[in-house]
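A quick write-up on the structure given underneath.
Whatever order the structure lists ligands and atoms in, that order sets their numbers, starting from 1.
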Amino acid sequence: MDIIYASNPESVGQVAARLIAREILVKPDLVLGLATGSTPIPTYRYLVRLFGEGLISFAKVRTFNLDEYVGLSSTHSQSYAYFMNEHLWGKVDLPRCNADIPSGTAPDIQAECQRYETAIKNAGGIDLQILGLGPNGHIGFNEPSHDLAIRTHLVDLTEATINANARFFDNAGEVPRQAITMGVGTIMQARKILLIVTGDKKRDILQQSLFGPVIPEVPASILRFHPYLTVVTDINLTSACP
Ligand code: GLP
C-alpha cells in the first residue's frame, strides 16, 4: 500500500488526476472504474483540464461506475449518471457508449446486475478503480455488514448513508433507499485501486480502514488485501498501528 499525502482537497485532486492520466498514457484503452461523491470532484476537474491541454484523451477509454441509486433515471439531477456527465463524461472525448453505469430504472434489477458483471468481464476487467470512502467505511455502496457481497448487487442503504447523502437532496425523505453497487469482489479484482479521501471528519474511518482489523463492519478495510492500493489523502495519519 502506498499513501500519498497532499495538503488539501485540490492538491489531492491534482495528484490523483496525474496518477490516472499516467495510466491512460501508458494504456490509451484503459478500463477505468469511476466513483461519485464530493471527494473525486477536484480529480475530475483536473482530468478535464489535462484533456483540455491536449495531454490525455479518453477516446479509447472505457469506464464503469461503482454504483447507482435505484429509482433514479440518468436525467435525475441526483443520479450518479447525471453526476458523471456533469463532471467528466460530458467534458472529455469519452464516447458515451464507452461509459457504463448500472441502470437504476432497469425493470429487472437482478438481470441488470448480471449484465453489469458481464460487461466488466467482456471489457477485460477493470485496470484502475477510483474509490471514495463513505463516512461509515463503505466503498461503492457496500455498507458495513456481517458479510460482504462479492458481485454487483442490490443493496439496502443504511440510515447513516441516507443521512450522509441527504445533503444532495432537498431532504432525507427523497434519498433513495436502495442502490446497485459493484461488490467487493468486483472492486478487488481491479488491477489497481486508487482510494481518494479528504477532510478531517474522515480521519477515524480512514485510520480504521488502513490500520485497524480487516472486518466487514469496515468494508474499506478489505482493500488492504489488494496488491496495488494507492491512497491519496490530505489527512495526516499519525498513528499507524504496528
Ligand atoms: C457515496 C458513494 C461512494 C462515495 C461516498 C462518499 O455514498 N456511493 O462511492 O465514496 O458517497 O462521498 P463523499 O465523497 O461525498 O464523502
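A donor atom on one side chain and an acceptor atom on the other are not found under 3.5 Å apart for Thr36 and Asn65. There is no side-chain donor-acceptor pair under 3.5 Å between His153 and Gln110.
Counting the atoms of ligand 1 from 1 in the order shown, those under 4.0 Å from a heavy atom of Phe141 are 7 (O), 8 (N). Taking every non-hydrogen atom of Lys202 and a distance limit under 4.0 Å, the qualifying atoms of ligand 1 come out as 6 (C), 13 (P), 14 (O), 16 (O). Every atom of ligand 1 with a heavy atom of Gly132 under 4.0 Å away is listed here by number and element: 10 (O).
In terms of protein heavy atoms, atom 8 (N) of ligand 1 is closest to Asp67 OD2, 2.8 Å. Summary of contacts: the protein heavy atom closest to atom 12 (O) of ligand 1 is Gly37 CA, 3.8 Å. Scanning the protein for heavy atoms near atom 4 (C) of ligand 1, the closest one is Thr36 O, 3.8 Å. Here the protein heavy atom with the shortest distance to atom 1 (C) of ligand 1 is Tyr80 OH, 3.4 Å.
With a heavy-atom cut-off of 4.0 Å, Phe83 does not touch ligand 1 at all. The side chain of Arg167, and not its backbone, has at least one atom closer than 4.0 Å to an atom of ligand 1 (non-hydrogen atoms only; side chain from C-beta on).
The residue from Thr39, Leu133, Leu34 that puts a heavy atom closest to atom 6 (C) of ligand 1 is Leu133. Scanning Ala35, Ser38, Gly140 for the heavy atom closest to atom 15 (O) of ligand 1 points to Ser38. Within the set Glu68, His138, Met182, the minimum heavy-atom distance to atom 7 (O) of ligand 1 is found for His138.
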Next item on the list: Test salt bridge (Lys or Arg N to Asp or Glu O under 4.0 Å) on Lys192 and Asp2 and set out the steps.
Entry: CA-CA 11 Å; Lys192 295 181 181 178; Asp2 286 332; over 6 Å; no
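Ring pair Tyr69/Tyr80 is tilted by interplanar angle, where 30° to 60° counts as tilted. Classified by interplanar angle (parallel below 30°, tilted 30° to 60°, perpendicular above 60°), the ring pair Phe169/His76 is tilted. Between Tyr44 and Phe83, the ring planes lie perpendicular to each other; the angle is over 60°, past the 30° to 60° tilted range.
Tyr228 and Met188 fall into different hydrophobic clusters, where Ile, Leu, Val, Met, Phe, Trp and Tyr side chains are chained together by heavy-atom contacts under 4.5 Å.
Once rounded to the nearest 0.5 Å, the distance linking CD of Gln14 with CZ of Arg45 reads 10.0 Å.
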